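Remarks on the structure that follows.
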Amino acid sequence: MNLSRTYCRETATVALGTDVKICGWLDTMRDHGHIVFLHLRDISGVVQVVLDPESLGDLSGFKLRSESVLIVTGRLRNRTEDTVNHKLHTGKIELFAASLEIVNDSETPPFAISERDGDVLDDVDEDLRLRYRYLDLRRPKMQASLIKRHKVTKAIRDFLSDERFIEVETPVLTKSTPEGARDYLVPSRVHHGGFYALPQSPQLFKQLLMVAGLDRYFQIARCFRDEDLRPTRQPEFTQVDLETSFMTENEIIDLVERLLVTTLASVGVTVTAPFPRISYDDAMLQYGNDHPDLRYDMCITDVTHVFKNTQYNIFKGIIQSGGAIRGFAIRGQSARLGKNILQNEFAKNVIPKLGGKGLTWMKLENGELLSNIVQFFSKEELDEIVSLLDAKDGDVLVFVADRNPGLVSEILGKFRLYLVTYLALVPTVLFAPCWVTDFPMFEKSDTGWAAMHHPFTQPSSPIPDSPDDAWMSSVKAKAYDIVLNGVEIGGGSIRNHRVDQQERLFKLLGLSDKDIDEKFGFFLKALRYGAPPHGGLALGLDRLVSMILDTPSIRDVIAFPKNRMAYCPLTQAPDHVSESQLTDLSLSIVPPKA
RNA sequence: GGGGGCGUAGCUCAGCUGGUUAGAGCGCCUGCCUGUCACGCAGGAGGUCGAGGGUUCGAGUCCCUUCGUCCCCGCCA
């Protein structure tokens, strides 16, 4: 029989009585002595194979072990009604084996690969999974993740290609530039003492492509940053990097919204454009951070003015010293949040850990505000609070007051997210994207002013000849972040296409003429040759896919990730290199400082 | 860089205020079994309790050091 291969899952749709050949791994086996049932697994799924001495002879000749590689031919037949497996896609049929070839044996794997009855085996130690990643990736769940990632990537490529974007590769060996994250460095053999840097992003190259007139560029680009890792951070990660000429901030936002709507739809996730837009200032006030999770309400409201003339001394003192009072409503949780929890757990325990001094809480029941301190407030004050927070019976109102207004929102923002977990709140929608806009252009650092987004971003107004601190601290950037479910999944900006503005900006950021020339001379030169207005954005592909699949870490959507220590347990990289390699590079290893 | 959790059989874990020979489930090995699908039944192997040191008559358990790993903060234009 010279049969072509059929994938396991597809045997369900092949006509009964057909002879087929399937290839894959031995998933599970049920040996009844004179008859053997086994599940054969390939990337498509699982199908039951029947081994019967009638057709195969003495079965004891087969050394069958889990994860052995088998090629089986035979005839597809119906199962009898009482032997149908409803949990299996191919559960109505089975393959009656005519031949069985054990193509390769397998040692007993260190952890289970079969998902059998839908078992999820994610609780195996991650280090072990990474050490045997090729086995981990054999698990159907992990394969499904990589397949979904592929679909997302393909949808992105298709969409952008249809929108006249051109995919261009940029160098991985490039030049180290100041600011930003720590670079990964690659020593040069040919250029004694010289180092390449791996790109933190293709930022400068994509801008040069705009100068080149490519008009619309994109790349599924690997980026590298040598910083400490997190569940959402790997030393190398993938960005959907794009840049356009002659487009405004609004046009880019619209384009990226359509990109995300289309891409997410391709994997069954629905989001509707336009996405809400929140200014940086509003986000900081209402959610306490610049990446608000809009799946939940509990929006923070400033109520400072309500208590201008309050008799409550704590509030009075804080207002008099320039502080703020803010709060939010926890909807319909009055019954679950007793006085004991609110006072002894939240006010005395949780809020102090978040950096707050205390928590004022009130419950609205039968149209009346109840709390341990309600008697200190006037009826007008209480009525106004109810109105401002749109409080209803069953709501719990919580307030934090502090002399530092920024801290108030920060604490409440953290408390809000704490409550989501504590109360196991159900999100109003599964996927809640939003834009955060109007970022400050600059932020204070230890050494002076730093660019909040990056030093190629255009300020919302031209840089004056000699800007003062008031201008520096108030000017906004033409920068925008895209946030999904409280995670920043991308960000971008309109860039400086005018060389005078870009030079001025570098100087404001404290770069010397020499630094500017050495690090960015080539780039500034390019801007002098007819650089068009341009701007773009980069999306974190790993984060996006991780959110779609709701995995705890982006490691789960990367085929071969590094562990928390930026180490690869599979290949054992990084590793020492030979003396001769070091000699070629004129390097020597200095012992670490004690 | 700071803080926290974890480390006991191949895997996931239990092991109390320190006390005989360290257990369970799954997996693995052997045998039996003709309709199972988390097959079943009978038997078996498998442990330097991460490592080193200390306290103690006695340490998986307490203390110190160290290694590994995960999480939070710093950091991440």
Side-chain angles (χ1 to χ4, degrees), chain A residues 27-40 46-54 59-60 63 65-67 77 79-88 90-91 94 96 106-132 135-136 177-183 200-201 203-204 223-235 237 353-355 414 439 441-443 445-446 449-457 477 479 481 488 491-493 505-506 509 511 538 540 552-553 555 562-567 569:
Chain A
D27 186 78
T28 54
M29 181 168 59
R30 294 171 292 279
D31 183 350
H32 288 242
H34 288 280
I35 189 168
V36 175
F37 301 95
L38 54 86
H39 282 176
L40 195 72
V46 160
V47 66
Q48 173 162 286
V49 175
V50 184
L51 308 183
D52 190 315
E54 268 182 39
L59 297 181
S60 66
K63 284 271 180 196
R65 290 165 52 81
S66 284
E67 299 307 318
R77 69 183 190 191
R79 298 203 198 181
T80 59
E81 193 60 44
D82 57 324
T83 59
V84 166
N85 184 347
H86 296 282
K87 297 170 196 159
L88 218 57
T90 56
E94 63 191 7
F96 189 74
S106 172
E107 292 187 12
T108 303
F111 49 81
I113 292 163
S114 169
E115 287 180 357
R116 298 192 179 196
D117 194 27
D119 283 350
V120 178
L121 301 154
D122 282 339
D123 51 0
V124 173
D125 182 63
E126 193 179 18
D127 195 65
L128 190 71
R129 288 172 53 201
L130 291 181
R131 220 152 64 224
Y132 293 91
L135 295 180
D136 194 37
T177 52
E179 294 205 59
R182 209 173 285 112
D183 283 322
Q200 296 182 26
S201 82
Q203 182 63 33
L204 290 173
C223 305
F224 307 85
R225 294 178 192 176
D226 186 3
E227 294 292 347
D228 287 350
L229 274 43
R230 286 291 150 79
T232 52
R233 272 193 241 151
Q234 279 277 296
F237 58 99
K353 274 186 192 148
L354 299 176
K414 287 178 181 166
F439 279 81
M441 181 69 202
F442 302 101
E443 60 186 341
S445 76
D446 304 338
W449 291 99
M452 195 158 182
H453 183 59
H454 62 48
F456 313 101
T457 301
D481 275 1
E488 182 204 327
S493 65
L505 179 51
F506 282 150
L509 296 173
L511 283 116
S553 160
R555 293 189 293 267
K562 306 284 186 287
N563 72 10
R564 184 55 192 263
M565 302 304 290
Y567 180 76

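These numbers were taken from a predicted model, which means no experiment stands behind them. By convention in this document, chain letters (A, B, ...) are assigned in the order of the sequence lines, proteins followed by strands, and residues within each chain are numbered from 1.
- A:E81 comes within 4.0 angstrom of no nucleic acid atom, judged by non-hydrogen atoms across all strands.
- Panel note: side chain A:R225, backbone A:Q200; a donor-acceptor pair is recorded below 3.5 Å.
- In this structure, A:D125 places its CG atom 13 Å from C1' of B:rG10, rounding to the nearest Å.
- Across B:rC39, B:rC71, B:rC11, the shortest atom-to-atom separation from the side chain of A:H32 is found for B:rC39.
- Residue A:K353 places no side-chain N or O under 4.0 Å from the OP1 or OP2 atom of B:rC72.
- Rounded to an integer number of Å, the gap from CD of A:E443 to C1' of B:rC75 is 12 Å.
- Each of B:rU69, B:rG35, B:rC33 was ranked by its minimum atom distance to the side chain of A:D127; first place goes to B:rU69.
- Taking CE of A:M441 as the start and CG of A:L505 as the end, the distance is 4.5 Å to the nearest 0.5 Å.
- Distances shorter than 4.0 Å separate none of the side-chain N or O atoms of A:R233 from OP1 or OP2 on B:rC71.
- Applying the 5.5 angstrom centroid cut-off and the 30 degree plane-angle cut-off, the aromatic ring of A:F111 is not stacked upon the base of B:rC11.
- Of the candidates B:rG1, B:rC70, B:rG35, B:rC70 carries the atom nearest the A:M565 side chain, counting heavy atoms from C-beta on.
- Between A:R555 and A:E126, at least one side-chain nitrogen of the basic residue sits less than 4.0 Å from a carboxylate oxygen of the acidic one, meeting the salt-bridge criterion.
- In this structure, A:K63 and A:Q48 both approach RNA chain B, and ranking their closest nucleotides by distance from the 5' end singles out A:K63.
- Distance from the side chain of A:D123 is smallest for B:rU12 among the nucleotides B:rU12, B:rG74, B:rC72.
- Distance from the side chain of A:R65 is smallest for B:rC29 among the nucleotides B:rU12, B:rC70, B:rC29.
- Contact of A:R79 with B:rC37 (side chain to base): a donor-acceptor pair of N or O atoms is detected under 3.5 Å.
- Taking CD1 of A:I113 as the reference point, atom CG of A:D27 lies at 9.0 Å (rounded to 0.5 Å).
- OP1 or OP2 of B:rC28 has at least one side-chain nitrogen or oxygen of A:S66 nearer than 4.0 Å.
- Checked against B:rC70, B:rU12, B:rC33, the side chain of A:D31 finds its nearest nucleotide in B:rC33.
- Side-chain to base pairing of A:E107 with B:rG10: no donor and acceptor N or O lie closer than 3.5 Å to each other.
- For B:rG1, the paired base is B:rC73 (Watson-Crick or G-U wobble, both distances below 3.5 Å).
- Distance from the side chain of A:H39 is smallest for B:rC37 among the nucleotides B:rC37, B:rC71, B:rG35.
- Listed nucleotides: B:rC70, B:rG27, B:rC72. Nearest to the side chain of A:T108: B:rG27.
- In this structure, A:R30 does not reach the B:rU36 phosphate: none of its side-chain N or O atoms is under 4.0 Å from OP1 or OP2.
- The 12-atom threshold is not exceeded at OH of A:Y132, counting heavy atoms of other residues, nucleotides or ligands nearer than 6.0 Å.
- Distances shorter than 4.0 Å separate some side-chain N or O of A:R230 from OP1 or OP2 on B:rC73.
- Of the N and O atoms on the side chains of A:S106 and A:R65, not one donor lies less than 3.5 Å from an acceptor on the other residue.
- B:rA24 is paired with B:rU12 under the criterion used here, namely a Watson-Crick or G-U wobble arrangement in which both key atom distances are under 3.5 Å.
- Each of A:Y567 and A:A181 has a nearest nucleotide on RNA chain B; the 5'-most of these lies closest to A:Y567.
- In this structure, B:rG68 forms a base pair with B:rC6, meeting either the Watson-Crick or the G-U wobble geometry with both donor-acceptor distances under 3.5 Å.
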